[in-house]
Amino acid sequence: MIYRNRVDAGEKLAEALADKYKDAHPVVLALPRGGVPVAAPVAKRLDAPLDVFVVRKLGVPGHEEYAMGAIATGGVHVLNEGVMRQMGISEQEMLRVAEREQEEMKRREKAYRGDRPYPDLEGRTVIIVDDGLATGATIRAAVLGVRAYNPARIVAAAPVGSREACSALGRVADEVVCLSTPANFGGVGAWYDDFSQTSDDEVRDLLQME
């Protein structure tokens with residue numbers, strides 16, 4: 001399945017989630033930046049509050065789109081030790097990347113949320129949305145971070161993902177909804193006609209529409 005853009009992908013994801021979760025009164029959390037325009041149609045269809053949960057991928061030096069791990073709000077770290085071994089990444093190199101991404105995570109939290117507190121997630125169904133799952137490291141970090149807020153159920157949702165990422169995600173989330181898991185994945189952007197970068201302003205605008 002090829003999506004026109006993130007909004008198209010979000011509308012299709014909303015269709016898949018609506019029957020089961022509209023009456024569950026969920027909270028929708030998007031992973032910025034690219035997950036926000038996907039999550040917005042989901043939140044609208046489910047009549048659910050939309051917010052962001054900031055996660056930063058730890059990219060392999062020189063191959064930043066390839067995740068060796070991720071960090072999330074609340075001090076959560078997820079490492080893909082197999083990738084680190086394969087790429088010859090030392091712990092010191094990983095820590096340098098993590099320190100840099102920690103600063104960017106703080107910047108984004110301030111830019112998108114200001115001083116607004118997180119919604120109350122305790123006892124709620126939380127749907128975490130991203131635009132696609134390559135290694136799945138970022139959304140796994142988000143699931144672990146959200147667990148600290150004691151939700152009743154965590155659903156991880158994306159329009160497309162690798163089979164390996166969706167399988168691994170199923171070990172930490174209560175449910176995984178991935179509309180397409182192509183055998184020859186090739187990267188998230190391959191499944192969108194328009195995969196242009198989402199801007200900070202677009203994220204803020206979508207959150208203000210909530």
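Computed from a prediction, not measured in an experiment: that's the story for all the values here.
No side-chain heavy atom of R96 sits less than 4.5 Å from a side-chain heavy atom of E99. Looking only at side-chain heavy atoms (C-beta outward), I71 and V76 stay at 4.5 Å or farther from each other. Counting only heavy atoms from C-beta outward, the side chains of Y192 and P159 approach each other to under 4.5 Å. The shortest side-chain heavy-atom distance between L46 and P26 falls under the 4.5 Å cut-off. Between I128 and V155, every side-chain heavy-atom pair lies at or beyond the 4.5 Å cut-off. A 4.5 Å side-chain heavy-atom check between K20 and V177 finds every atom pair outside the cut-off. Side chains of V52 and R108 form no contact here, defined as non-hydrogen atoms less than 4.5 Å apart. Between R45 and L17, the closest side-chain pair of non-hydrogen atoms is not below 4.5 Å.
Distance alone, capped at 3.5 Å, is enough to place a donor-acceptor pair between the R124 side chain and the H25 backbone. Looking only at distances, a side-chain donor or acceptor of S162 sits under 3.5 Å from a matching main-chain atom of A134. Side-chain atoms of W191 never come within 3.5 Å of backbone atoms of S180 as a donor-acceptor pair (strictly under, hydrogens ignored). Distance alone, capped at 3.5 Å, places no donor-acceptor pair between the R140 side chain and the A165 backbone. The backbone N or O of L79 lies less than 3.5 Å from no partner atom in the side chain of E81, so there is not a single donor-acceptor pair. In this structure a side-chain-to-backbone donor-acceptor pair under 3.5 Å is missing from R56 to M105.
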* **Test log, rule salt bridge (charged side-chain N to carboxylate O under 4.0 Å, His left out), inputs E101 and K57** => CA-CA 8 Å; E101 295 300 341; K57 175 170 59 181; over 6 Å; no

* **Pair K44-L50, side chain to side chain contact (heavy atoms under 4.5 Å, CB included): steps then yes or no** => CA-CA 8 Å; K44 182 177 180 181; L50 172 65; over 6 Å; no

* Asked: Stepwise, does the side chain to side chain contact (heavy atoms under 4.5 Å, CB included) test hold for V97 with M94?
  -> CA-CA 5 Å; V97 173; M94 180 275 294; 5.8 Å; no

* Stepwise side chain to side chain contact (heavy atoms under 4.5 Å, CB included) check, V172 with L169 -> CA-CA 6 Å; V172 294; L169 186 55; 3.9 Å; yes

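Contact record, D47 with K22: CB-NZ, 3.9 Å, taken as the closest heavy-atom pair. Here the shortest heavy-atom pairing between V55 and T138 reads CG1-O, 3.3 Å. Residue R147 comes nearest to P151 through the heavy atom pair O-CD, 3.8 Å, listed as atom of the first residue, atom of the second, then distance. Taking every heavy atom of both residues into account, A137 and A70 meet most closely at O-CB, 3.5 Å. Closest non-hydrogen pair, T198 versus P37, comes out as OG1-CG, 3.8 Å. Counting all heavy atoms, side chain and backbone alike, V36 lies closest to A30 at CA-CB, 3.7 Å.
A cation-pi arrangement, defined by a distance under 6.0 Å to the six-membered ring centre and an angle within 45 degrees of its axis, is present between R6 and F195.
Here CG of L133 is found 5.0 Å from SG of C178. Values are rounded to the nearest 0.5 Å. A distance of 8.5 Å separates NE2 in H63 from CD1 in I89, rounded to the nearest 0.5 Å. Residue T135 holds its OG1 atom at 6.5 Å from CG of N80, rounded to the nearest 0.5 Å. Atom CG of residue D23 and atom OG1 of residue T125 lie 11.5 Å apart, to the nearest 0.5 angstrom. The line from NZ of K106 to CD of Q102 is 5.5 Å long, rounded to the nearest 0.5 Å. Atoms OH and CZ, on Y21 and R153 in that order, are 4.0 Å from each other to the nearest 0.5 Å.
A salt bridge is absent between E103 and R107: the closest approach of a Lys/Arg side-chain nitrogen to an acidic carboxylate oxygen does not fall below 4.0 angstrom. Using a cutoff of 4.0 Å between basic side-chain nitrogens and carboxylate oxygens, E15 and K12 are not scored as salt-bridged. Electrostatic pairing of R33 and D130 does not count as a salt bridge here, judged by no charged N lying under 4.0 Å from a carboxylate O.
Under a hydrophobic clustering in which Ile, Leu, Val, Met, Phe, Trp and Tyr are joined whenever their side-chain heavy atoms come within less than 4.5 Å, directly or via other members, V60 and L95 fall into the same cluster. Clustering ILVMFWY residues whenever any of their side-chain heavy atoms sit less than 4.5 angstrom apart, transitively, puts L13 in a cluster other than the one holding V7.
D194 and S196 form a side-chain donor-acceptor contact under 3.5 Å, judged by distance and modelled atom types alone. For the residue pair D193 and Y3, no side-chain donor N or O sits within less than 3.5 Å of a side-chain acceptor on the partner.
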